[in-house]
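Okay, structure first, notes after.
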There are 2 protein chains.
Amino acid sequence: MDRILEKPAEKKQDLFSIAELADEFSISTRTIRFYESKGLIIPDRVGTTRVFRRRDRTRLLLILRGKRLGFSLSEISDYLELYDADNTQATQTQHLLERVNSRLSMLRAQKEDLEIAVKELEAMQEYALQQLEKQTS
Amino acid sequence: MDRILEKPAEKKQDLFSIAELADEFSISTRTIRFYESKGLIIPDRVGTTRVFRRRDRTRLLLILRGKRLGFSLSEISDYLELYDADNTQATQTQHLLERVNSRLSMLRAQKEDLEIAVKELEAMQEYALQQLEKQTS
DNA sequence: CGCTTAATTGACGTTAACGTCAATACATGC
DNA sequence: GCATGTATTGACGTTAACGTCAATTAAGCG
């Protein structure tokens with residue numbers, strides 16, 4: 001019996017080794033193990049060896065995007081919880097909604113900062129282009 | 001002679017103590033000294049005491065915005081250089097333009113990530129709202 | 001089955017970005 | 001002119017996020 005293929009729809013292409021994921025995302029295996037130790041991903045095991053499914057691959061994508069946005073791993077951890085929150089009970093759903101909203105306002109604030117920075121740099125760009133015209137004429 | 005008031009247009013309201021800035025930006029004086037040690041700001045001195053001008057105050061604003069966007073201090077340092085680059089020579093201006101452009105593409109990539117994250121959360125928000133309707137009906 | 005390659009665990013190292021003293025100097029109001 | 005508050009300069013401590021290395025274990029293969 002191949003216990004890891006127990007679930008019918010689970011094929012080989014849905015299973016990843018630590019090295020495959022490390023390679024795909026250009027991170028080290030150490031980093032992946034570190035994320036597991038922080039509870040950000042929870043791969044299965046075959047014996048002692050980790051086996052990653054789609055869910056963990058997706059989580060890795062979310063983690064890396066979070067990092068690119070400058071969030072800490074603990075913020076990312078909170079963020080990931082939003083993706084598998086329990087919404088069978090109204091109180092839970094209400095709670096989820098609040099957390100989603102607060103996260104949204106963080107992201108929107110960051111977007112404002114970003115847009116200001118972009119505008120400043122675009123102004124610099126334009127200025128530099130004008131200068132170049134003068135200087136090379 | 002009050003050397004620090006030498007420049008005619010420089011009034012008291014353009015000068016800040018370390019505590020004033022720390023207070024205004026809700027950071028510690030240690031943080032400000034740390035930024036100085038990294039060359040991010042270069043306050044004047046009256047005796048041994050630091051005196052900050054508008055320029056450094058502005059730089060602090062840029063530093064903090066950079067941090068909110070998730071940039072490291074060394075990235076922020078590069079970023080600050082764009083603001084006081086020499087553009088008297090065409091080669092310098094050309095170089096500045098390249099750096100501005102590369103920074104712009106970083107920011108735009110980040111903006112894409114941000115917008116995807118916002119959309120995902122908005123979808124969650126909508127879903128949660130629908131769930132709540134069902135659950136409380 | 002022995003060899004090579006891949007994976008695991010534990011321990012210690014490292015870098016960034018400050019925090020936290022402690023000792024000392026400066027300034028200032030009463 | 002002295003107590004009291006503010007500033008400065010080391011020096012060491014701390015946390016996050018991994019890197020690095022060594023010792024084992026497990027897995028594939030000719």
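Order of the sequence lines fixes the chain letters, A, B, ..., with proteins taken first and strands second; residue numbering starts at 1 for each chain.
Residue B:I32 contributes atom CD1, which lies 15 Å from atom C1' of C:dA17 at whole-angstrom precision. Distance, B:E75 CD to C:dA17 C1': 14 Å, rounded to whole Å. Across the protein-nucleic acid pair, B:E36 atom CD and D:dA7 atom P stand 14 Å apart, rounded to whole Å. Taking atom CG of residue A:D23 and atom C1' of nucleotide C:dA7, one finds them 15 Å apart after rounding to whole Å. When rounded to the nearest whole Å, the span between CZ of A:R45 and P of D:dA26 equals 13 Å. Look at CG on A:L21: it is 11 Å from P on C:dA7, rounded to the nearest Å. Nucleotide D:dT8 holds its C1' atom 12 Å from the CZ atom of B:F52, rounded to whole Å. Rounded to whole Å, atom P of D:dT8 lies 13 Å from atom CG of B:D44.
For B:K67, whose side chain is taken as the heavy atoms from C-beta onward, the closest listed nucleotide among D:dC18, D:dT8, C:dA17 is C:dA17. Picking from C:dA17, C:dC18, D:dT8 the nucleotide with the shortest atom distance to the side chain of B:I18 gives D:dT8. Distance from the side chain of B:R30 is smallest for C:dC18 among the nucleotides C:dC18, D:dT8, C:dA7. Across D:dT8, C:dG19, C:dT9, the shortest atom-to-atom separation from the side chain of B:T49 is found for D:dT8. Minimum atom distance to the side chain of A:L73 is reached by D:dC18, of the listed C:dT8, C:dC18, D:dC18.
In this model, a donor atom of one side chain and an acceptor atom of the other lie less than 3.5 Å apart for B:T31 and B:S28. Side-chain contact of B:S105 with B:S102: a donor-acceptor pair under 3.5 Å is absent, judged by distance alone. Side-chain polar atoms of A:R99 and A:Y79 form no donor-acceptor pair below 3.5 angstrom.
Neither OP1 nor OP2 of C:dA6 sits under 4.0 Å from any side-chain N or O of A:S17. The side chain of A:T31 contributes no N or O atom lying less than 4.0 Å from OP1 or OP2 of D:dA17. The phosphate of C:dT8 (OP1 or OP2) has a side-chain N or O of A:R33 nearer than 4.0 angstrom. Look at B:R50 and you won't find any side-chain N or O under 4.0 angstrom from OP1 or OP2 of D:dT6. B:Y35 has a side-chain polar atom (N or O) that falls below the 4.0 Å cut-off from OP1 or OP2 of C:dC18.
Using a 4.0 Å heavy-atom cutoff across all strands shown, B:S28 reaches sugar-phosphate atoms only and no base atom. Among the protein residues, B:T29 comes within range of no part of the nucleic acid, since none of its heavy atoms lies under 4.0 Å from any strand.
B:E133 CD: 12 or fewer foreign heavy atoms inside a 6.0 Å radius.
Using a 4.0 Å cut-off between a side-chain N of Lys or Arg and a carboxylate O of Asp or Glu, A:E122 and B:R108 qualify as a salt bridge.
With rounding to the nearest 0.5 angstrom, the CZ atom of B:R57 is 13.0 Å from the CD1 atom of B:I41.
Sequence order on DNA chain D of the closest nucleotides to A:G47 and A:F34 puts A:F34 first from the 5' end.
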